[in-house]
Amino acid sequence: MREEVLRMERVAYREGGALQLEDFTLSVFAGEIVGLLPVNSHGLTALVNLLRRNQPLQDGYIYYRETLLNSWRAPRPQYNRIGVVQSSGELVGGLTVADNIFVLRPGFKTWFIRPALLRNQLQPLLNEFEAEIDADDYVDQLSPFQRCVVELVKAIVAGSRLVILRDVSTFLSESELIRLHAVLRRYADQGVAFLYIGFHLEELDQICARTAFFSNGRITKVLPSEEARARSTNFYERRTWEEQLAHRQEAEGRPPVLRVEGLTGGAVSQLSFSVSPGECVVLQDLESRIFGDLLAFFFGELHGEEGVVELDGAPFRPGPTRDVAIIQEQPASSMLFPELSCLDNLCFTIDHRLPELWRSLRVRRGLRRVLEEEHGMVDQRPEALTKTQKYDLVYHRILLQNPKVVFCIQPFRGADLALRMHIWSLLEEIMAKGTAVVILAVNLADSLSMASRLIRIHREGPNEIYDRRDFARLPFAAPWRDLYRERGEQP
Amino acid sequence: MTDKYRYLSRRVGFLGLCGGGALLLALAGCIFRAVVGKSPLWPMVLLGGALLALCLAAYFWVLLPYRSLEATLRLTLEGRAPEEALGESRALSPESGRMLRQVRDILDPAQLFHLNKRQAQYLALQNQINPHFLYNTLESIRSECLIADLTSVADMTEALASFFRYTISKVENLVSVEEELQNCETYFRIQQYRFEDRLTLTVECDEGDREEIYRCRLPKLTMQPILENSIIHGTELKVGTGNLTIHLERTGKRLLIRISDDGVGMDEATLARLNARLSASGLAVHQQGSEEKGGVALSNVNNRVRLLFGQEYGLHVFSLPGVGTDVELTLPAITSDRDVKNREALQ
């Protein structure tokens with residue numbers, strides 16, 4: 001007889017005036033790791049919020065450990081013993097790891113706090129993760145992986161039999177993810193259940209026994225992971241991928257627009273790569289540490305100690321330039337100015353192409369007319385746009401800027417399946433204009449769909465370089481690898 | 001006390017009186033303290049405490065029941081409220097309480113009538129056919145086939161006789177999982193003569209729990225109509241072999257039965273419509289016109305389950321186009337007919 005840790009039966013839930021969950025049915029058993037693949041993100045945040053804290057339901061029932069937790073008939077506003085691990089962690093800054101785990105735990109009633117006792121109780125749990133965390137470390141000083149470990153331990157110590165992990169691969173490196181998976185399996189063997197929310201079947205396949213497909217606030221199907229993986233190609237735009245692969249092969253023969261040879265400075269050590277116009281190179285930082293310094297070098301904030309960097313055949317002088325652009329992580333929230341109109345957001349980096357733009361009303365009107373026809377909604381503020389439209393706005397700004405090289409930091413982070421496909425097409429559009437794209441990623445996500453080369457950067461030792469023909473040889477189940485395998489792209 | 005303050009209007013009145021009384025007492029206390037030349041701190045503190053207690057009482061005693069009533073009324077308007085919820089909700093006043101009970105009474109027989117319509121059709125069929133004549137005839141056909149060395153026809157006739165025996169002879173409402181599974185296998189055997197190797201059926205169940213699961217009780221003809229639905233709407237339209245799976249799982253309180261096919265599946269809009277119909281109460285389904293293609297069997301099973309065991313049980317459908325469809329049936333894990341929530345529905 002299996003213990004059912006969570007059962008949501010025909011749950012309908014409204015938040016912010018919109019129906020977020022509708023006929024949502026899902027069960028999770030003790031010791032099981034269930035994957036949740038959001039085909040679109042509608043209702044995902046509401047689901048996590050609802051599991052953490054009971055809210056009045058429109059319809060349905062929620063059971064936790066086979067006891068009614070919440071129902072449309074009798075809403076019980078309370079926090080539930082369900083842990084959540086996500087990028088926006090909930091640890092309290094200024095307190096130590098032990099304080100966060102024990103002292104802030106609901107039900108902690110000791111009058112006197114004995115740090116030595118807490119330390120002794122906590123250290124064996126922390127050691128299981130090999131995360132080099134001390135119980136007395138302040139949480140503000142922890143790395144993303146260490147914070148994730150502390151959140152997990154906090155949930156286990158608080159007695160949660162269900163832990164939700166939301167999109168952890170976007171802030172953990174590959175090696176950290178492997179370590180985390182090992183610990184999850186160990187806890188699962190002890191009866192703890194996990195709801196693992198991830199945007200890639202390949203990632204879910206590595207750890208989950210079953211995968212639930214989440215779309216428009218409903219679970220449309222639950223499949224055993226191996227079956228879900230076998231059918232994964234149905235979800236990708238395979239035909240588009242094959243068409244675009246042919247265009248990419250043309251770009252590979254051109255001379256490089258950016259050449260980096262043995263660049264060293266800050267955390268960057270002996271980095272070499274080159275990228276041609278219309279080509280895409282992916283730099284995967286396995287330890288999640290060099291990107292800040294690499295970008296700081298390109299924008300003149302950090303001096304390189306040694307190495308050669310050439311842009312369009314000439315030595316590159318670090319500093320602000322319109323020839324190099326950057327697309328930040330989650331640009332919909334990090335790269336738009338809410339006080340500017342969409343037109344201003346779109347045009348503020350094209351002064352090098354239209355020097356009269358900000359002086360001449362006539363030029364601005366003309367441009368407004370053209371852009372209105374092309375993009376529409378130029379007079380609105382960015383907050384009035386949907387997430388997809390915000391991405392359009394940022395990427396079209398880059399298209400108008402027309403730089404020689406674009407650095408994209410984790411472009412697919414936090415995007416659901418539909419949005420990822422859209423980002424992919426926007427990046428293809430940039431590449432089709434002859435701009436070189438350098439993707440900086442901790443996790444590959446869909447980067448392989450467009451990459452010509454992949455450079456895996458290790459903390460110590462030489463970097464691994466994979467050409468597109470070698471992607472089938474990648475040592476882990478990255479998204480798109482199977483399609484390269486099918487094409488027989490072996491060396 | 002409970003009966004006297006059953007209605008929300010009386011509770012509000014009572015709390016108002018208490019609030020007014022506390023205010024007057026505090027005022028009197030303040031005046032008295034002022035007359036004797038002392039600070040009016042204590043009466044104010046006591047008044048604060050009393051108001052806090054009144055707020056808490058108003059939240060738990062008035063606001064939460066009112067929200068529950070609001071949800072019940074909303075779901076009733078949408079056709080999704082169980083009739084017992086109408087009786088349980090705290091009414092605003094005695095008159096509105098009487099009205100809710102009257103609505104429940106009106107809903108109840110109508111729902112029962114519609115939900116049992118299909119069962120009545122089975123009974124009518126049973127009255128029209130003399131079962132013994134049918135079985136004897138089928139047995140004669142089987143004997144003739146065996147004499148003529150037509151073993152496949154003999155087997156098919158035997159399966160058909162078993163299927164009829166189960167469907168129209170056994171009149172009880174609840175059967176064991178084992179009996180229902182046997183009927184599914186008999187039905188599948190008949191279908192295999194049509195589909196041959198194009199159809200497979202697998203029954204999955206944890207070996208350790210098999211005995212316990214097989215003893216559980218469920219409404220008769222619950223799994224077979226779902227299986228039939230999976231064959232007709234799922235695998236029949238598929239090119240190549242169709243695989244059907246019946247997966248049985250038991251938890252502490254529930255029995256979960258999942259009937260899956262790897263057929264054509266359905267798009268998200270169709271799936272949403274189907275699940276919305278299953279979520280609605282029996283009455284609402286009939287008002288929506290349940291004769292829509294493909295949903296009658298599922299609605300009928302769902303309504304019977306919810307009528308017998310309560311609104312928290314029933315059917316839910318999962319599907320992806322080109323991948324297949326799962327129909328998940330949730331039932332209470334009971335091994336005796338005495339444990340049925342609405343036993344009167346069994347009569």
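Heavy-atom basis, side chains included; hydrogens, waters and symmetry copies ignored. This one's a predicted model, so the numbers in the text were calculated from it and none came from an experiment. To find a chain, count down the sequence lines: A is the first, B the second, and so on, and within it residues start at 1.
- Ranked by heavy-atom pairs shorter than 4.5 Å toward chain A, the options B:Leu256, B:Val317, B:Asp206, B:Ile213 are led by B:Leu256.
- Taken from CZ in B:Arg67 to CH2 in A:Trp72, the straight-line distance is 15.5 Å, to the nearest 0.5 Å.
- When only modelled atom types and interatomic distance are considered, B:Glu268 and A:Ser215 share a side-chain donor-acceptor pair under 3.5 Å.
- Contact annotation for A:Leu57: only backbone heavy atoms (N, CA, C, O) come within less than 4.5 Å of a heavy atom of chain B.
- Here the CD atom belonging to B:Gln311 is positioned 6.5 Å from the CZ atom belonging to A:Arg10, to the nearest 0.5 angstrom.
- Counting only distance, with no hydrogens or angles, the side chain of A:Glu66 and the backbone of B:Gly252 share a donor-acceptor pair below 3.5 Å.
- B:Lys253 is not listed as a side-chain neighbour of A:Tyr63, based on a closest heavy-atom distance of 4.5 Å or more.
- Between A:Ser27 and B:Arg254, the side chains place no donor N or O within less than 3.5 Å of an acceptor N or O (distance only, hydrogens not considered).
- Nearest heavy-atom pair across A:Ile219 and B:Phe318 is O-CD2, 3.4 Å.
- Only the side chain of A:Arg218 comes within contact range of chain B, judged by heavy atoms closer than 4.5 Å.
- Heavy atoms of B:Ala272 lying under 4.5 Å from chain A belong to its backbone as well as its side chain.
- Other residues, nucleotides and ligands place no more than 12 heavy atoms under 6.0 Å from the CZ atom of A:Arg81.
- For B:Glu328 against A:Thr25, the heavy-atom pair with the smallest separation is OE1-CG2, 4.2 Å.
- Note that CD of A:Glu4 is 4.5 Å distant from OG1 of B:Thr251, once rounded to the nearest 0.5 Å.
- Listed here is the closest heavy atom pair of A:Asp23 and B:Ser279: OD1-OG, 2.6 Å.
- Residue A:Gln190 places its CD atom among more than 12 non-hydrogen atoms of other residues, nucleotides or ligands, all under 6.0 Å distant.
- Atom OG of B:Ser260 and atom NZ of A:Lys221 lie 5.5 Å apart (nearest 0.5 Å).
- Note that CE of A:Met1 is 11.0 Å distant from CD of B:Glu249, once rounded to the nearest 0.5 Å.
- Contact of B:Thr330 with chain A is made through the side chain alone, with heavy-atom distances under 4.5 Å.
- To the nearest 0.5 Å, atom CG of residue B:Asp326 and atom OG1 of residue A:Thr220 are 10.5 Å apart.
- Contact annotation for B:Tyr59: only side-chain heavy atoms (C-beta onward) come within less than 4.5 Å of a heavy atom of chain A.
- Counting heavy-atom pairs under 4.5 Å between each of A:Val222, A:Asn216, A:Leu68 and chain B puts A:Asn216 at the top.
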